[in-house]
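Written below as structure tokens is the structure these notes are about.
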Protein chains: 2
Amino acid sequence: MTLPAPLRPLSAGVGNSNDQARRHNLSTILTMLHHGGAQTRAQLTRLSGLNRSTIGALVTELVELGLAYETEPADSGLVGRPSPVVHAAENVVALTVNPDVDAITIGLVGLGGVLHKRVRYETASVPSVRETINVVSAVIDGMRSELASSYRVVGMGVAVPGLVNQVDGLVLLAPHLDWSNEPLAETVEAALGYPVSVANDAALATVAESLFGAGRGVSDLVYLNGSASGIGGGALVGGTMLRGAQGFAAELGHTMVNSSGIRCHCGKYGCLETEVNLGRLLDVLGLGAVGLDELDALVVGSQAPDVRAEVNRQLDVLAVAIGNFISIFNPESFILGGFLGSLYEADPERLRAAVKRVTFNVVGNSVRIDRAELRSRLLTIGAAELVFGGLLTDPAGTSF
Amino acid sequence: MTLPAPLRPLSAGVGNSNDQARRHNLSTILTMLHHGGAQTRAQLTRLSGLNRSTIGALVTELVELGLAYETEPADSGLVGRPSPVVHAAENVVALTVNPDVDAITIGLVGLGGVLHKRVRYETASVPSVRETINVVSAVIDGMRSELASSYRVVGMGVAVPGLVNQVDGLVLLAPHLDWSNEPLAETVEAALGYPVSVANDAALATVAESLFGAGRGVSDLVYLNGSASGIGGGALVGGTMLRGAQGFAAELGHTMVNSSGIRCHCGKYGCLETEVNLGRLLDVLGLGAVGLDELDALVVGSQAPDVRAEVNRQLDVLAVAIGNFISIFNPESFILGGFLGSLYEADPERLRAAVKRVTFNVVGNSVRIDRAELRSRLLTIGAAELVFGGLLTDPAGTSF
DNA sequence: CGGTATATGTTTCAAGGGTCAACAAAGCTC
DNA sequence: GAGCTTTGTTGACCCTTGAAACATATACCG
């Protein structure tokens, strides 16, 4: 019998509980630096509630571990001895990979969420796992000497549009990439030699927006992303990601919103994803594949009646889905990314009003609806967070 | 700025970190006894991973606090020194109240989930808050001497069918009781003198089923309850209850399942609650108000075509909702209570098959659908858990 | 410009908790 | 009854945090 997390005592297994306390506090400080940015030791002391001496010891240890560094105090203009500024070490980095139908994006992100580098490699066709590995391998080879001299690579995070079991890195199904039952973490790890973590792209986007985007400081939010490959989502519940028993939770695009709707590629009828759909939007616009920024201008700006009608239809359907999610999650904030952000921007008031019609007043009136902030950096930042997770949990225990 | 829970360091605020560790471990042991039943010290040692000496110290402290007691070792038949059995103190109790449209149920529950007493007081009409307090007050007065001599009352838990903010005990809206904006915790506390906690009834039912019912040992589950007053639900996510930003999450009865459905009393159209409905079931059965047990026999046993047709219709609609919830939560287990349990029992295979049609295979095939186990004890046990929560979190710090 | 107040880093020490090892106790096995 | 096995008990030890005293660096004020 394994105890569930909340029942696990301090010092379960090996080591004494003092170790646990130390680990926890070390983790707290590094996390504060990574998510909250550089801060003075005095600020860390106040925010953490820990003692001055303890903060001193913890910061010293983080510096020795190469995970933080201190700089001269900034001129604060306040009385008292100046407090040195503590930074998370930006040269501690995560490699990130985001395979998509038409391109593979590789990134290098440092602690603190700094985007050091990003390469977008366009592919002729939908990439297979092998092709993806080859591309990534080639790109990394090109950076090899720089990686060795200037950075410390913690690991690699992969954001996959599909059903992923985050624990073992198995991609069960990624319909748009035509991948299924791929032991991705294992394969990539064997090929490239870095520790690899894999997760669903929308889940990672949710994490990224909640830490560095429109959801900063919010502990209950729902994120909904619209792309050419459909609608994905994620939910932050009480500050932690909703994962579900097998890690397949928050498949928000495949919830029913129209009982007389058409058949979705998943086999069901009236899914949110088939009703609110980029393809149908492009159809009325008379366009083929198009970049999200370009689309945004077209959708937001268009006065053509048939475009407005389709936008309105999609907004109304979207409102029903949002209403359901609000009833289910009672989030503080609702964030829309991808073309859903454009839809929202086209008529925010229509969406807000429609959502209010389908929620209890108290709940519906208090939820904030926002557009996602991190555009192209979204998945890169999110995938890095996946890698940093382990380091942040146990800064002293992770060797790399 | 308040730090979110995962960022809070050990020993935030006052006290040193050893205190925190001690508190946590004490909490762990008491929780193990309360939820897992009486166990030997040796078992506690193995399950917790803590040291023999530590367990000894912790148990001694719990005994001194009057929260546990030890009994002679049972004849195990094994070699080695016999280990004394540690029990949670059953005389440490929670008072529980469950106001409903036609009755008020008052209970007395001991640590370990022992139901010591239960009184059901039938009311002539839907009780107001004042009437509820009067009834509860009278019942408690009748037990006063016994309470004082044999029990230690930790507090009172109230399960309310409606929107409740668990943090401040404000009942925002309980449509079937016709309560709104009632500062219930405050009022009851002032009238009766016990510390009072209030929560949504379905949320408490979820907790109860997950700890002592069909959801034992499961950390991701969704519970759906059907009663005369509609459909309520709760979700356990990674071992913790889904609450939402204001505590109004999991209003599962008011999610849309039929876009051409009829108007719900909440103002929306096609809510699960209006489509899957006890009233419509009673109509085809030609009955008025009826007990759940009686209904169960009728629904499960009936061969009448119109009854079967309505049961099937409701099952199919229910399946759509369950499918949505499965896509959203990816739970390990789905639990149906109240008349939804009867519906399920009437044709489990139809429901299972219908659910499979509206979920991804991997997800839909692995989810267990069960009927709730705790029938009439459900809310009493759940409301007690609400009271015990504080005690379990900090056994040494709670004075009562 | 120098003294004072304020805030913060640094050092040392005490308090508290958990582990470990040694020993004692209590039952089973032969 | 001797030996084995398991578990409770006790005291030494280590670790971490907090508190206090001291050191340091800045602003403020006359």
Side-chain angles (χ1 to χ4, degrees), chain A residues 8-29 39-64 68 70-86 394-397, chain B residues 8-29 39-64 68 70-86 394-397:
Chain A
R8 201 175 312 132
L10 279 177
S11 83
V14 290
N16 73 10
S17 86
N18 291 331
D19 282 348
Q20 297 278 123
R22 179 63 159 204
R23 184 149 41 215
H24 185 180
N25 288 343
L26 220 43
S27 162
T28 303
I29 302 304
Q39 296 170 63
T40 66
R41 277 160 78 154
Q43 284 175 306
L44 291 173
T45 303
R46 270 191 298 273
L47 259 62
S48 70
L50 293 167
N51 192 280
R52 279 216 294 277
S53 3
T54 309
I55 292 293
L58 293 171
V59 169
T60 304
E61 183 163 354
L62 287 176
V63 171
E64 278 167 2
E70 292 186 283
T71 55
E72 290 295 300
D75 263 2
S76 69
L78 301 169
V79 292
R81 177 173 175 172
S83 190
V85 181
V86 190
D394 185 8
Chain B
R8 203 175 311 132
L10 279 178
S11 83
V14 289
N16 73 9
S17 88
N18 291 330
D19 282 349
Q20 297 279 123
R22 180 62 160 206
R23 184 148 43 215
H24 185 182
N25 288 342
L26 220 43
S27 162
T28 303
I29 303 303
Q39 297 171 61
T40 65
R41 276 161 75 154
Q43 285 176 304
L44 291 174
T45 303
R46 270 190 297 275
L47 259 61
S48 71
L50 292 168
N51 192 282
R52 281 217 292 280
S53 352
T54 309
I55 293 293
L58 292 170
V59 169
T60 304
E61 184 163 352
L62 287 176
V63 171
E64 278 167 3
E70 292 186 284
T71 55
E72 290 295 300
D75 264 1
S76 69
L78 300 170
V79 292
R81 177 172 175 174
S83 190
V85 182
V86 190
D394 186 8

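Order of the sequence lines sets the chain letters (A, B, ...), proteins ahead of strands, with each chain counted from 1.
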Considering every strand and a 4.0 Å limit on heavy-atom distances, what is the contact class for P73(A): base, sugar-phosphate, or nothing?
nothing
What is the distance, to the nearest angstrom, from the CG atom on D75(B) to the P atom on dG27(C)?
8 Å
Separation of dA21(D) P from N51(A) CG (nearest whole Å)
14 Å
Can you list everything that forms a side-chain contact (heavy atoms from CB on, under 4.5 Å) with P73(A)? Sequence neighbours excluded, please.
P82(A)
Report all interatomic pairs (protein N or O, nucleotide N or O of nucleotides 2-5 of chain C) with separations under 3.5 Å.
none

Checking contacts here: which listed nucleotide (dG17(C), dT10(C), dA21(C)) is nearest the side-chain heavy atoms of R41(A)?
dT10(C)
Taken to the nearest whole Å, CZ/R81(A) to P/dA23(D) is 12 Å
Could you check whether I55(B) gets within reach of a base, just the sugar-phosphate, or nothing at all, counting any heavy atom under 4.0 Å?
nothing
Would you indicate what T54(B) reaches in the nucleic acid, counting non-hydrogen atoms under 4.0 angstrom: base, sugar-phosphate, or nothing?
base
Expressed as a whole number of angstroms, how long is the span from R23(B):CZ to dG18(C):P?
12 Å
Rounded off to whole Å, could you give me the CG-to-P distance for the L50(B) and dT19(C) pair?
5 Å
Check whether any side-chain N or O of S83(A) sits under 4.0 Å from OP1 or OP2 of dG9(C), and answer yes or no.
yes
Donor-acceptor pair, T60(A) side chain versus G56(A) backbone, under 3.5 Å?
yes
Rounded to the nearest 0.5 Å, how far does CD1 of I29(B) lie from CD1 of I55(B)?
3.5 Å
Whole angstroms only, please: what is the CG-C1' distance between L78(B) and dA25(C)?
17 Å
Residue mapping more 5' on DNA chain D - nearest nucleotide basis, S53(B) or P82(A):
S53(B)
How long is the span from the CG atom in D19(A) to the CG atom in L26(A), to the nearest 0.5 Å?
11.5 Å
For the pair made of CZ in R22(A) and C1' in dG18(C), what is the distance, rounded to whole Å?
17 Å
I need the NE2-C1' distance between H24(B) and dG18(C), as an integer number of Å.
14 Å
Residue pair Q43(B) / R46(B), side-chain donor-acceptor N/O under 3.5 Å:
no
At under 4.0 Å, does any side-chain N or O of N25(A) touch on OP1 or OP2 of dT16(D)?
no
Establish whether the base of dG8(D) is bridged to the side chain of R52(B) by a donor-acceptor pair shorter than 3.5 Å.
yes
Separation between CG of N25(B) and CD of E61(B), rounded to the nearest 0.5 Å
10.5 Å
Please check if the side chain of S83(A) supplies one atom and the backbone of A42(A) the other of a donor-acceptor pair under 3.5 Å.
yes
